[in-house]
Amino acid sequence: MLTTSELFRRGRLGAAVLAVALTVSACGFHLRGDGGHYTLPFPSMYIGLPEASPLAIDLKRNIRANGGTTVVGAAKDADGVIEVLSNPEKTRTKTILSLNSNGRVRQYLLSYNIVFRVLDKQGKELLAPTQILLTRPIDFNETQLLAKEQEEALLYKDMQTDLVQQMMRRIAAIKPQQISLPPPPPALGQ
């Protein structure tokens with residue numbers, strides 16, 4: 001059984017936790033990227049992927065959804081350029097992960113890989129070449145071939161969505177350099 005002083009202490013602790021929670025929420029605090037929305041540091045961006053690429057379409061949709069950044073059709077018109085150094089559509093793989101006792105495939109490992117960098121309008125590198133490698137295991141059963149093909153397609157789509165979110169977080173973390181002002185002229189008489 002709790003004593004009066006223990007009840008009083010717990011009540012004060014609960015009130016303190018409640019006060020901190022209300023203070024933090026009242027001041028407008030929220031985590032960066034909360035809810036999948038990121039504040040991108042560029043008014044306009046160019047994505048260096050083919051227009052019909054599913055990754056490019058998904059990435060452009062996410063950039064536009066954040067509101068403050070427009071996607072342009074030419075790198076020369078953009079404040080930020082996403083240059084893709086290895087296209088995940090061409091480098092995604094499916095490798096054998098394990099075999100059963102009969103020597104038949106039991107599991108595959110799907111991988112989705114991209115290497116990209118971000119440049120500013122002048123071509124200066126703001127984000128060094130960055131690799132994102134995603135993998136997912138998938139069980140295989142030759143009696144359920146059609147279902148496994150659909151599952152594989154869904155896993156690749158899931159990895160693409162994850163890849164776009166990781167790219168958005170990395171781009172949002174870029175802090176473009178402020179325009180450097182020339183040094184002040186030397187004082188007269190020195």
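Only heavy atoms go into these numbers, but all of them, side chains included; no hydrogens, no water, no symmetry mates. These numbers come from a predicted model, not from an experiment.
- Scored by the salt bridge (charged side-chain N to carboxylate O under 4.0 Å, His left out) test, Asp158 finds Arg136 as partners (sequence neighbours excluded).
- Here Arg106 contributes atom CZ and Ile96 contributes atom CD1; the two are 12.5 Å apart, rounded to the nearest 0.5 Å.
- When all heavy atoms of Phe140 and Val105 are compared, the pair lying nearest together is CD2-O, 3.6 Å.
- The line from OG1 of Thr135 to CG of Asn113 is 10.5 Å long, rounded to the nearest 0.5 Å.
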| Steps toward side-chain contact (heavy atoms from CB on, under 4.5 Å) verdict (Gln131, Leu85) | CA-CA 9 Å; Gln131 178 180 25; Leu85 305 174; over 6 Å; no
| task | Apply the test side-chain contact (heavy atoms from CB on, under 4.5 Å) to residues Ile138 and Glu151: give CA-CA distance (whole Å), side-chain angles for both, the deciding distance (0.1 Å), then the verdict. | result | CA-CA 8 Å; Ile138 182 172; Glu151 183 181 358; 3.9 Å; yes
| request: List the steps and the verdict of side-chain contact (heavy atoms from CB on, under 4.5 Å) for Thr130 and Arg117. | output: CA-CA 6 Å; Thr130 302; Arg117 67 182 184 161; over 6 Å; no
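- Between the side chain of Thr93 and the backbone N or O of Thr91 there is no donor-acceptor pair closer than 3.5 Å.
- Taking every heavy atom of both residues into account, Phe116 and Met167 meet most closely at CE2-CG, 3.7 Å.
- With rounding to the nearest 0.5 angstrom, the CG atom of Leu97 is 11.0 Å from the OH atom of Tyr108.
- Placement of Val164 and Ile132 within a single hydrophobic cluster is found when ILVMFWY residues are connected by side-chain heavy-atom separations under 4.5 Å, directly or transitively.
- A continuous path of hydrophobic side-chain contacts links Val71 to Leu59 [ILVMFWY only; heavy atoms under 4.5 Å].
- Contact annotation: the side chain of Arg92 never approaches that of Leu110 to less than 4.5 Å [non-hydrogen atoms, C-beta and beyond].
- Taking all atoms of both residues into account, the shortest heavy-atom contact from Lys121 to Lys76 is CE-O, 4.3 Å.
- In this structure, the side chains of Ile82 and Met45 come closer than 4.5 Å at one or more pairs of heavy atoms.
- Linking ILVMFWY side-chain heavy atoms closer than 4.5 Å, directly or via other members, places Val72 and Ile47 in two distinct hydrophobic clusters.
- Contact between Ile171 and Pro41 at its shortest, heavy atoms only, is O-CD, 3.4 Å.
- Using a 4.5 Å cut-off on side-chain heavy atoms (C-beta onward), Ile63 and Met168 make contact.
- For Glu51, the salt bridge (charged side-chain N to carboxylate O under 4.0 Å, His left out) criterion is met by Lys60, not counting sequence neighbours.
- The hydrophobic clustering, which links ILVMFWY residues whose side-chain heavy atoms are closer than 4.5 Å, places Val84 and Ile174 together.
- Residues that satisfy the side chain to side chain contact (heavy atoms under 4.5 Å, CB included) test with Gln160, not counting sequence neighbours, are Pro54, Leu55, Asp58, Glu89, Tyr112, Lys157.
- Between Thr69 and Ser44 the shortest side-chain heavy-atom distance does not fall below 4.5 Å.
- Remark: Asn87 CG to Leu49 CG distance equals 5.5 Å, nearest 0.5 Å.
- Follow the hydrophobic side-chain contacts under 4.5 Å out from Ile57 and you never reach Tyr46; the two are in separate clusters.
- Here the closest heavy-atom approach between residue Pro50 and residue Ala56 is recorded as O-CB, 3.5 Å.
- Panel note: side chain Asn66, backbone Asn62; a donor-acceptor pair is recorded below 3.5 Å.
- Scanning both residues, Asn100 and Asn102, for their nearest heavy atoms gives OD1-N, 2.9 Å.
- Atom CE of Met159 sits about 7.0 Å away from atom CG of Leu134, to the nearest 0.5 Å.
- Atom CG of Asp79 is separated from atom CD of Gln122 by 9.0 Å, given to the nearest 0.5 angstrom.
- Between Val118 and Glu83, every side-chain heavy-atom pair lies at or beyond the 4.5 Å cut-off.
- Side chains of Arg170 and Gln166: a donor on one and an acceptor on the other come within 3.5 Å.
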